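Right, one structure below, let's go through it.
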Amino acid sequence: MNKKSILDPRIAAYIVILFGAGAMFMNKAITAHIFCAVAAFYLITVKSFKTSFISLGIYGIIALLMANVSKIHNTSAMLLLVSLSYFVQKLIVLFMMGSFFTHVTSIPYVVSAMQKIKAPDALAVPLMVALRFFPTIHEDFKSLKDSLKLRHISIRPLSFIIHPVRMMEYLFVPILMKSLRTSDELSASAMLRGFEHIKEQTLMYPLKMKLKDYFVGIVSTLIVAALFYLQFKK
Amino acid sequence: MKNIAVELKDLSFHYQCLTRPSLKNLNLQIEKGSLVLITGASGCGKTTLFRCMNGLVPHFYEGKFSGDVRLGSQNTSAFSLQDFGKLTSSVFQDPRSQFFMTDVENEIAFGCVNQKLSKEEIWKRTDAAVSKMRISELLDKSIFKLSSGELQKVAFASCYAMQNDIFLLDEPSANLDFHSILELQKILEELKNEGKTIIIFEHRLFYLKDLLDRMIILEEGVIKQDYDREQTLSLNDKELEKLGLRSFSLEKLKPVEPMFSTSNNQPLINLSDISFSYKKHGTKIVKNICFSASEGEVIAVIGKNGAGKTTLAKICCGLLKEKSGKIFIKGKTVPKRKRPGLCYFVMQDSDYQLFGDSVENELNTGCKKNHKAEKNQELLEQFNLWDKKDCHPASLSRGQKQRLTIACALKAESKIIFFDEPTSGLDRKNMLCVAEQIQKLAADGKCVFVITHDYEFILSACKRILYLWDGKIQKDFSLTDETKYQVLELLGEGGDQDE
């Protein structure tokens with residue numbers, strides 16, 4: 001199932017870092033919107049329609065709020081809304097690119113890529129754990145959603161805006177607690193099976209860059225370069 | 001000395017965070033090729049002993065460690081965790097959190113990849129493990145799409161590929177359905193026939209009856225009893241109960257009379273022609289289900305994985321919307337959005353159900369503003385949690401978390417409560433505690449449904465059986481001394497159904 005790699009993991013990682021870092025610099029509304037639209041388009045190309053549309057929807061609501069923020073007269077409320085929205089907007093692009101990465105490659109290929117570029121363990125191991133965690137968090141979230149419904153607690157996007165701290169507590173604290181337990185068990189099991197240094201593993205999937213990889217890499221670089229130009233031109 | 005697989009000398013361990021030592025001066029020798037069962041009540045030190053044998057103690061879990069662990073002829077005092085992994089293979093209680101890869105084939109190969117074997121050797125070993133565990137049909141599946149039984153087989157295959165001679169299993173049946181436990185039994189038999197040393201830390205005993213060579217009972221970190229095969233099998237159920245152990249012979253067990261009388265038999269919930277299918281693949285998961293249940297009933301919902309048990313419970317609780325049919329509660333049609341709260345779902349993993357910053361506030365989570373402090377106290381006292389009212393829910397034990405979840409259901413004034421596998425991984429005493437609590441709920445006028453594969457628990461708490469097969473209620477009967485064999489037969493029917 002996950003043994004394929006649509007893109008070379010090195011190129012996939014390059015695009016994720018490029019977009020993730022790039023999104024942080026986008027202060028103008030137009031460049032931030034294009035950035036999000038491009039990330040959503042990348043997700044659509046790998047048939048991840050649901051994630052793409054949900055992310056776009058959330059981004060759209062936040063963009064709308066930001067556009068009308070001047071109508072709020074309470075300064076503290078305005079400040080809270082702006083900083084929260086800014087944070088969420090950046091996070092959504094990162095989330096979409098993370099999801100894109102898991103769609104275009106798989107853990108065994110990432111391991112091979114790490115071995116090939118001689119990545120230090122301090123980088124390779126957390127990355128592998130993060131990839132393993134993505135689907136787990138999705139499952140955890142589904143169970144939490146059901147539990148909250150039973151307690152008459154709504155988790156619509158509006159609830160996050162009205163009660164941000166409370167919703168963080170209801171959703172993220174249980175997920176963090178569960179993740180702590182899972183990561184402990186996961187590390188114990190991996191270490192018992194000899195996992196310590198990524199360089200001392202067998203290279204299972206030798207990698208070779210294809211024309212497609214070069215093409216996607218160059219196009220992505222050009223898009224980000226163009227957006228930077230738009231952002232910083234006087 | 002040559003025939004010793006594991007030897008412990010004066011082994012003691014004290015976790016940093018605990019006030020008492022978990023193991024105290026343990027001495028033990030386990031012969032090569034034997035299957036040894038290590039059992040005892042929850043908290044007796046089983047898991048710590050498991051961790052000492054595979055090196056997780058003291059390398060991963062910190063604390064005060066003393067004594068020697070020898071594997072074969074080697075003293076492990078200078079071993080790293082990786083060295084332990086070259087001699088022992090460990091299968092954990094929850095296979096879900098022991099997988100590192102996301103596909104079956106690479107997961108099985110993972111241990112060999114870390115040993116830097118050649119690619120040819122790795123695939124050869126992987127193929128051998130796959131054919132040994134008969135899981136070739138799972139090779140292309142994602143780890144996240146497998147049932148608990150399938151996951152357990154993959155965990156065994158992964159260990160088998162490493163070609164170690166010592167297998168350590170920590171409660172391997174805790175997350176398995178009855179049929180998967182019988183399959184686990186076959187796997188153990190084959191491993192034993194190959195001469196592997198198997199050490200099982202377990203509460204459920206019935207599936208090990210024909211396989212074990214020795215049974216060791218731990219109590220508060222010391223060996224309380226050490227029985228050989230003959231001595232073990234000569235223990236009757238009364239003696240096992242006295243030792244706090246579950247039964248070896250399920251056939252001999254009898255349904256227990258209810259501890260509380262339930263006089264009010266008013267119909268409470270009525271399902272009329274309920275069907276459900278997921279939008280994604282359109283296949284019906286629940287098909288035209290009709291039944292009614294009354295106040296005071298405790299109903300066991302049994303069936304294979306994927307038969308539609310959890311889906312049915314979620315529909316009743318308003319977490320999923322039925323495609324057709326109606327649900328009546330106390331004679332009135334209740335739409336999906338009004339069902340949460342009227343019906344409550346107690347999940348297997350209570351971690352997902354607790355959100356408050358203290359035990360007392362947990363009861364107020366999601367409630368209307370007018371909290372009644374007296375009501376909270378009454379509920380917490382009823383479930384022996386009043387002294388923990390200021391603790392964070394995450395700091396409670398599993399049993400306490402489960403009791404708190406039930407208290408939340410009562411606070412919401414739910415009349416119908418669904419439990420999902422409430423006794424997995426519980427020893428006899430705790431299993432009977434859950435049975436008692438559930439019977440108390442029934443005596444209090446609640447209607448309780450329990451999704452379970454635990455035959456011993458069914459006999460201890462339930463009076464009616466709903467057997468689901470392929471999304472339909474295939475059988476609906478009262479549990480009596482005559483029908484108990486039918487339950488055993490239905491539980492043992494095999495295979496997973498596709499949802």
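These values consider heavy atoms only, across backbone and side chains, with no hydrogens, waters or symmetry-generated copies. Reminder, nothing fancy here: chain letters follow the sequence lines and each chain counts from 1. Note that the structure is predicted; figures quoted are calculated from it, not measured.
A/Lys178 is linked by a side chain to side chain donor-acceptor pair (under 3.5 Å) to B/Asp349, counting only residues two or more places apart in sequence or in another chain.
Looking at A/Ser187, the atoms closer than 4.5 Å to chain B (heavy atoms on both sides) sit in the backbone and in the side chain alike. Using a 4.5 Å cut-off between heavy atoms, A/Leu148 touches chain B through backbone and side chain atoms alike. For chain A, the nearby parts of B/Leu319 are the backbone and the side chain; heavy atoms of each come within less than 4.5 Å. Both the backbone and the side chain of B/Glu362 come within less than 4.5 Å of a heavy atom in chain A. Both the backbone and the side chain of A/Met204 come within contact range of chain B, judged by heavy atoms closer than 4.5 Å. Residue A/Ile153 touches chain B through its side chain alone, counting heavy-atom pairs closer than 4.5 Å.
Dense packing is recorded around OH of A/Tyr86, with more than 12 heavy atoms of other residues, nucleotides or ligands lying under 6.0 Å away. Taking a 6.0 Å sphere around CD of B/Glu121, one finds it holds more than 12 heavy atoms contributed by other residues, nucleotides or ligands.
The minimum heavy-atom distance between B/Lys119 and A/Pro206, with the atom names listed, is NZ-CD, 3.8 Å. A/Gly194 and B/Gln82 make their closest contact through CA-CG, 3.6 Å (heavy atoms, listed as atom of the first residue, atom of the second, distance). Among all heavy-atom pairs drawn from B/Phe84 and A/Leu192, the shortest one is CB-CD2, 4.5 Å.
Looking at heavy atoms from C-beta onward, A/Ser147 lies in side-chain contact with B/Phe355 at the 4.5 angstrom threshold. In this structure, the side chains of A/Ser189 and B/Phe100 stay at 4.5 Å or more apart for every pair of heavy atoms. Residues B/Gln353 and A/Leu150 are in side-chain contact: their nearest non-hydrogen atoms beyond the backbone lie under 4.5 Å apart. The side-chain heavy atoms of B/Asp103 and A/Pro108, taken from C-beta on, include a pair separated by under 4.5 Å. Contact of the B/Gln348 side chain with the A/Ser143 side chain is not registered, since no non-hydrogen atoms from C-beta on lie closer than 4.5 Å. The shortest distance between side-chain heavy atoms of B/Thr365 and A/Tyr170 falls below 4.5 Å. With contacts defined as side-chain heavy-atom distances shorter than 4.5 Å, the pair A/Met177/B/Asp351 does not qualify. Between A/Lys142 and B/Tyr352 the shortest side-chain heavy-atom distance does not fall below 4.5 Å.
Contact tally against chain B (heavy-atom pairs below 4.5 Å) for A/Lys149, A/Glu139, A/Met191: the top residue is A/Met191.
Judged purely by distance below 3.5 Å, without hydrogens or angles, the side chains of B/Asn106 and A/Tyr205 pair a donor atom with an acceptor atom.
A side-chain hydrogen bond (donor to acceptor under 3.5 Å, both in side chains) with B/Asn114 is found for exactly one of A/Glu200, A/Gln201, A/Arg193, namely A/Gln201.
Here the straight-line distance linking atom OG1 of A/Thr182 with atom CD of B/Gln98 works out to 12.5 Å at 0.5 Å rounding.
Between the side chain of A/Thr202 and the backbone N or O of B/Leu117, at least one donor-acceptor pair lies under 3.5 Å.
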